[in-house]
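Step one of this worksheet: look at the structure below.
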Amino acid sequence: MFKGILIEKDEAGYRATYQAIAQETLPEGDVTVAVEWSSLNYKDCLALTGASPVVRKFPMIPGIDFAGTVLDSSHPDWQAGDKVVLNGWGVGETHCGGLAEQARVKGDWLVALPPRFSAREAMAIGTAGYTAMLCVLALEKHGVAPGDGSILVTGANGGVGSVAIALLAKLGYRVVASTGRLAEADYLTSLGAAEVIDRSELSEPGRPLGKECWAGVVDTVGSHTLANACATTRYGGVVTACGLAGGMDFPSTVMPFILRGVTLCGIDSVMAPLSLRHQAWARLADDLDIERLNLITREIPLSQAVAQGDAFLAGKVRGRIVVNVQG
């Protein structure tokens, strides 16, 4: 038996509880990991609350990422004692995840913990920070350089937004942070934002084309915000889309793409190939300021993870929540 969060769905309803979990609950896999730290992401809180059908098998241990130490392995790349990180691959959705003291997964899903980071720091980054790095890599791949103009980051108080601001600022970009919580402006500027704007400037239905403002965009919101971001991106600019906190619709037109040559890049963190994951974690080790990471991060014990779900989805949580799994 080990402690963890278990989501169940039966005639009694949908529920997530902290409890002792039988070893037989763990699915098949060739690596068993002692999970030390996990984190709470938007998708985790959808799963914990049942607000969206994220979980597709029951019972399920949620948690789309974790960091820990290999306990047992039949995979050629891993042996007992190795420090590892996992993000995505359907973990916490179709395969038991990281909000428990143990996880059993496929060794092909694991990445070695970068020596620069502790397991806690890796989860302070977590899937949110890894996704932010994928966005930065996409901007760079498409030629957006620090001197090209401002980079808009939407949903700036969230985990992806917070890490994206810290990364972009350290790399020399001028960052404009869009948020619904202007009272957090000092927090956002401490991460490196040069300007903070109210999300209402982007969240309402807009025109097919607006004033050219951004050389690039990191959008975590979707819906009208993403449409307006595209409509106000400069000629040849790049918009990276990685979230849907404001909705999964995209009420836009083709005009930004055929009249201004704007590129819209979809960012998928779940099934990204290992080569891209290795690149993202290597760049995080090089480019992320640990002191700014600490500003972003709050720690809770595993037993309190379920209670955070509603507050997270209501937009009352800023930055990153790391979960101390071993206590």
Side-chain angles (χ1 to χ4, degrees), residues 41-43 87 125-146 148-181 184 187-189 191-199 201-203 212-234 236-248 250 252 256 262-270 272 276 279-280 283-284 287-289 292-293 296 315 318-320:
N41 302 278
Y42 187 78
K43 188 180 287 185
N87 306 101
I125 297 166
T127 292
Y130 150 67
T131 302
M133 190 73 245
L134 292 178
C135 292
V136 173
L137 290 172
L139 292 174
E140 293 178 343
K141 179 181 177 181
H142 287 86
V144 180
D148 290 344
S150 296
I151 308 296
L152 172 69
V153 176
T154 68
N157 275 292
V160 177
S162 294
V163 178
I165 292 168
L167 284 169
L168 290 163
K170 186 174 181 188
L171 290 168
Y173 293 89
R174 183 183 188 274
V175 182
V176 177
S178 169
T179 180
R181 290 177 277 168
E184 300 279 12
Y187 162 74
L188 297 172
T189 55
L191 296 180
E195 183 181 350
V196 179
I197 64 173
D198 195 306
R199 71 179 176 196
E201 296 185 29
L202 297 163
S203 60
E212 296 180 58
C213 298
W214 329 112
V217 178
V218 174
D219 177 63
T220 71
V221 178
S223 191
H224 291 292
T225 297
L226 176 56
N228 287 322
C230 290
T232 52
T233 294
R234 294 180 179 181
V238 179
V239 178
T240 60
C242 65
L244 44 69
M248 64 180 68
F250 182 44
S252 184
V262 170
T263 298
L264 177 59
C265 296
I267 303 298
D268 170 49
S269 64
V270 177
L276 185 55
Q279 182 184 6
R283 285 289 302 277
L284 285 161
D287 297 332
L288 185 60
D289 187 325
R292 284 181 171 170
L293 181 64
I296 294 169
R318 77 178 187 186
R320 299 285 296 137

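- Residues Leu191 and Val175 are not in side-chain contact: their nearest non-hydrogen atoms beyond the backbone lie 4.5 Å or more apart.
- Counting only heavy atoms from C-beta outward, the side chains of Cys242 and Val160 approach each other to under 4.5 Å.
- Annotation: side chain of Ser252 is not in contact with side chain of Leu226 (no heavy-atom distance under 4.5 Å).
- Considering every non-hydrogen atom in both Ala272 and Asp268, the closest pair reads CB-O, 3.6 Å.
- Counting only distance, with no hydrogens or angles, the side chain of Arg234 and the backbone of Asp148 share a donor-acceptor pair below 3.5 Å.
- No donor-acceptor distance shorter than 3.5 angstrom exists from the side chain of Thr189 to the backbone of Ala194, with no hydrogens or angles considered.
- Asp219 places a side-chain N or O within donor-acceptor distance of the main-chain N or O of Gly222, the cut-off being under 3.5 Å.
- Residues Thr233 and Pro256 are not in side-chain contact: their nearest non-hydrogen atoms beyond the backbone lie 4.5 Å or more apart.
- With sequence neighbours excluded, no residue forms a side chain to side chain donor-acceptor pair (under 3.5 Å) with Thr263.
- In this structure the side chain of Leu264 reaches within 4.5 angstrom of the side chain of Phe250, judged on heavy atoms.
- With sequence neighbours excluded, the residues that form a side-chain contact (heavy atoms from CB on, under 4.5 Å) with Asn228 are Leu202, His224.
- Looking at residues two or more places apart in sequence or on another chain, you find no side chain to side chain donor-acceptor pair (under 3.5 Å) involving Arg199.
- Put simply, the side chain of Lys43 reaches to within 4.5 Å of the side chain of Val270, judged on heavy atoms.
- In this structure Arg283 satisfies the side chain to side chain donor-acceptor pair (under 3.5 Å) test together with Glu140, Asp287, sequence neighbours excluded.
- Remark: Ala280 engages Tyr130, Met133, Leu134, Leu137 in a side-chain contact (heavy atoms from CB on, under 4.5 Å) (not counting sequence neighbours).
- When the side chain to side chain donor-acceptor pair (under 3.5 Å) test is applied to Asn41, the partners found at least two apart in sequence or on another chain are Ser39, Asp44, Asp65, Arg320.
- Side-chain atoms of Tyr173 come within 3.5 Å of backbone atoms of Val144 as a donor-acceptor pair (strictly under, hydrogens ignored).
- Here the side chains of Trp214 and Val239 are not in contact, with every heavy-atom distance at 4.5 Å or above.
- For the side chain to side chain contact (heavy atoms under 4.5 Å, CB included) test with Thr220, the passing option among Thr154, Thr131, Val153 is Thr154; the others fail.
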